[in-house]
K.L.:
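Take a look at this one; I'll ask things after.
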Amino acid sequence: MAETNTILRVQGLKKYFPIQRGVFRRTVGHVHAVDDVSFELTKGETLGIVGESGCGKTTLGRCIPRLVEPTDGEITFSGDSVGGELRVQSADKERIADLRRRVQMIFQDPMASLDPRMTIFEIVSEPLRYNADLTQTEQRDRAASLLEKTGIRSDYMDRYPHQFSGGQRQRIGIARALILEPEVLICDEAVSALDVSVQAQIIKMFKQLQEELSLSYLFIAHDLSVVEHVSHRIMVMYLGKIAEMAESDALFDRPRHPYTESLLYSIPSADPSLKGKKRRVLAGDVPNPADPPSGCYFHTRCPYAQEICKTTAPPLKEVAEGHHSACHFADTLPLKGYQQIISERRSEPAHE
Amino acid sequence: MSDHILRVEGLKTVFKTFSGDINAVDDVAFSLARNETLGIVGESGCGKSVTARSIMKLVEFENGRIDAGSVEYMPTPDELIDLTALDHKSAEIRAIRGGQISMIFQEPMASFNPVFPIGKQMAEVLVHHLGLSKLEARDRAIEMLNRVKIPNAAQRFDEYPHEFSGGMRQRAMIAMAISCNPKLLIADEPTTALDVTVEAQILELLNELEAEHSMTTIMITHDMAVIAEMTDNVMVMYAGRIAEYSSASALFANPLHPYTQALLKSIPRIGSKEELYSIEGSVPSLLDLPKGCYFAPRCPFAMEHCHTQAPPTFEPEPGHRVRCWLYGEPGDEVRAAPLTASEEVAGT
């Protein structure tokens, strides 16, 4: 894609959390929550971020609007409204405020992210009070139009969050995120807590809003079927690093990292012909991020690990156009795509 | 006579709330053959967990009561116990609960007591139900931890719940649930809180254990994929009632109830570029249920009488039951006889 379409560029982003022990809170080590992550996001694009809990996907999302102060790295923002680039690392207060207007977050639990003592109008219009000079009536009009857009009747505006269902609360959270007309939305497990039928409604709405407002999404989730459905590109994270990043179809058809393949093996499929069929599972747990393994972080669980993997960390390199993998054997391993895995599983014996 | 372990008829469970009584489970009937895996699927508030907790007589601890119906439990073909008739604190039910019928919960952190070592809690169950000595119980617990593939089981025995990872806690929970060789295992959303890789490990483990111990299992989940991969028969619940009941293969190949059809179309499938189908509206509040069919306000096929008359259960195909007016006229309904899908759709 053309350079001018890039809305967000992240380079070498790192976030190390100190581990403190003892009476004097001495720093005894660091958890590398996000470790040298670089990527770009184009206008109107959805980048999915997947990985197991503790892989750093949430921290990565929070570093971008600087809800978490990154340890190192550069976040560059460019867009129509500012004209010119905004380097987040060096940004002063005013520019951070501007950045937070243009990047909004949507969280997993819509009950915890809405203040129970505020009305829906107050919740949705709160950002306007600090960022725009509008009269009360103008604020109400703006809030009403956004609520209607996200499927909440505007005459419910003076109700409280507890009077709404989970799906409706998530819509309210989205209306609040949209009121300042942001360019990037960071959706952190935004549909994970919702029931299937409601989840489908919200996913559809995300897509419609993207078309209408040419929004870019960072879509953080652990459910691979959902991520596959909404994302143009997908980043797979493992212990704070990017394991693989590719176009959504390419990642599922021909993964280039053994971790991605293991994830594909794990996805349960709504296909009763797989009932009771044996499957290959990824053994063990994610290693302790405060004490990651040597070499490639994945070598302790990797079914294809060689000697070199224990000693040398593989760099993230481009193995095909737009397809990045951090594996020494990305070019040679015959990793299976999702459809292949499903047909292989169909022919497996059942448990007896 | 077929070999059933459980027969539930006309089960109705009511909870007292500040805003009035709610029917969390209403007119639920099914039966469970030995070695069968039954899936109960539905969205939050549909009554799938309450059904299980009613069987276990746990609802009485939570301001609930079983208002009508029976739960007949047959530990052997010649024995029959009506669980609804037992007091929820009686010695009889305590001998069954956790021993013969045991349960795996969604959040293993909440099911273990954080101030006691995991092993001690496992051993307690064995001492209570099997009458083992403390030492025997310890050995048996370690054996079970080994069985669910917890590394260094003997050492892990003395560790506390917080020292286990989420996946390991769920394994320990399973080890505890199967340690007394239960005749019936109820798994309530056993993988919902877990990562996809750990979920796969746990599903694989449950499959192995079922095959090994020839266990009868009720699997409660909201995830159609888990249903497809794990169960023989499925019960789809909506707002406290059974919407559809059939073998898993028939349910996926030929869903009858409009709700099931919509549910299956609204799950994202990998590789499909099709737009997701979304059911408009949301699940009705149990305090304010619609008059006729509970799904009618969201149903694309709703007819006039759907809004006024609750549909009975019809059986348009043998073993495939559906509570929907599209499949019959008044008078065609099946009587409240217990369901026997596992006999009629045997071979699944």
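Proteins come first, then strands; the chains are lettered A, B, ... in the order of their sequence lines, and each starts at number 1.
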K.L.:
Step by step, would you call Phe298(A) with Tyr259(A) a ring pair (Phe, Tyr, Trp, His ring centres under 6.0 Å)?
P.N.:
CA-CA 7 Å; Phe298(A) 188 56; Tyr259(A) 179 57; 5.1 Å; yes

K.L.:
Counting heavy-atom pairs under 4.5 Å with chain A, which one of Ala200(B), Gly271(B), Ser165(B) comes out on top?
P.N.:
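The residue among Ala200(B), Gly271(B), Ser165(B) with the greatest pair count is Ala200(B).
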
K.L.:
Please look at Glu204(B) and chain A and tell me whether the side chain, the backbone, both or neither of the residue comes under 4.5 angstrom of a heavy atom of that chain.
P.N.:
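For Glu204(B), heavy atoms of backbone and side chain both lie under 4.5 Å from chain A.
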
K.L.:
Given a strict heavy-atom distance threshold of 4.5 Å, which part of Ser44(B) is in contact with chain A: side chain, backbone, both, or neither?
P.N.:
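Both backbone and side chain.
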
K.L.:
Could you check, using the six-membered ring where one of them is a Trp, whether Tyr294(B) and Tyr238(B) have ring centers closer than 6.0 angstrom?
P.N.:
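Aromatic pair excluded; centres sit 6.0 Å or further apart.
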
K.L.:
Heavy-atom pairs under 4.5 Å with chain B: which of Leu282(A), Val196(A), Asp285(A), Leu274(A) has the most?
P.N.:
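Most heavy-atom pairs within the cutoff with chain B belong to Val196(A).
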
K.L.:
Please flag which part of Leu203(B) lies under 4.5 Å from any non-hydrogen atom of chain A: side chain, backbone, both or neither.
P.N.:
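Just its side chain gets close to chain A.
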
K.L.:
Looking only at the side chains, is there a donor atom on one of Asp271(A) and Ser273(A) sitting less than 3.5 Å from an acceptor on the other?
P.N.:
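Short answer, yes.
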
K.L.:
Heavy-atom pairs under 4.5 Å with chain B are the metric here; pick the option from Gly167(A), Ala283(A), Ser269(A) that has the most.
P.N.:
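Option with the greatest count: Ser269(A).
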
K.L.:
At a heavy-atom distance under 4.5 Å, which candidate from Ala200(A), Ser262(A), Pro272(A) has the highest pair count against chain B?
P.N.:
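Highest number of pairs under 4.5 Å: Pro272(A).
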
K.L.:
Pick one of side chain, backbone, both or neither for Gln201(A), based on which atoms fall under 4.5 Å of a heavy atom in chain B.
P.N.:
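It is both, since atoms from each part get that close.
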
K.L.:
With chain B, which of Lys204(A), Gln168(A), Lys277(A), Gln339(A) has the greatest number of heavy-atom pairs at distances under 4.5 Å?
P.N.:
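Top count of heavy-atom pairs under 4.5 Å with chain B: Lys204(A).
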
K.L.:
Check each atom of Glu274(B) against the heavy atoms of chain A and say whether the ones under 4.5 Å are side chain, backbone, both or neither.
P.N.:
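Glu274(B) touches chain A through backbone heavy atoms alone.
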
K.L.:
Which atoms of Arg269(B) come close to chain A, meaning under 4.5 Å heavy atom to heavy atom: side chain ones, backbone ones, both, or neither?
P.N.:
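Contact with chain A involves both backbone and side-chain atoms of Arg269(B).
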
K.L.:
I'd like a table of donor-acceptor pairs (distance under 3.5 Å, sequence neighbours excluded) in which one partner is a side-chain atom from residues 278-288 of chain B, with atom names and distances.
P.N.:
from: Ser285(B); atom 1: OG; to: Leu287(B); atom 2: N; distance (Å): 3.0

K.L.:
Shorter than 4.5 Å, heavy atoms on both sides: which option in Val230(A), Val281(A), Asp223(A) has the most such pairs with chain B?
P.N.:
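Ranked by heavy-atom pairs under 4.5 Å with chain B, first place is Val281(A).
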
K.L.:
Is it true that Arg280(A) and Glu261(A) have a side-chain N and a carboxylate O under 4.0 angstrom from each other?
P.N.:
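The answer is yes: the pair qualifies as a salt bridge.
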
K.L.:
Given side chains that start at C-beta, do those of His257(A) and Thr260(A) come closer than 4.5 Å, heavy atoms only?
P.N.:
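In contact.
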
K.L.:
Under 3.5 Å, is there a donor-acceptor pair linking the side chains of Glu189(B) and His222(B)?
P.N.:
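Yes, a side-chain donor-acceptor pair sits under 3.5 Å.
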
K.L.:
Let's test your reading of the structure: which of Val198(A), Leu224(A), Asp249(A) forms the most heavy-atom pairs below 4.5 Å with chain B?
P.N.:
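Option with the top pair count is Asp249(A).
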
K.L.:
Please assess Lys149(A) against Glu212(A) for the test side chain to side chain contact (heavy atoms under 4.5 Å, CB included), listing each intermediate value before the final yes or no.
P.N.:
CA-CA 11 Å; Lys149(A) 192 176 254 160; Glu212(A) 246 171 78; 3.1 Å; yes

K.L.:
Need one label for Tyr259(B): side chain, backbone, both or neither, based on atoms under 4.5 Å from any heavy atom in chain A.
P.N.:
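Tyr259(B) has no heavy atom closer than 4.5 Å to chain A.
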
K.L.:
Side chains of Ser266(B) and Gln199(A): is there a donor and an acceptor less than 3.5 Å apart?
P.N.:
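No - no donor-acceptor pair under 3.5 Å links their side chains.
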
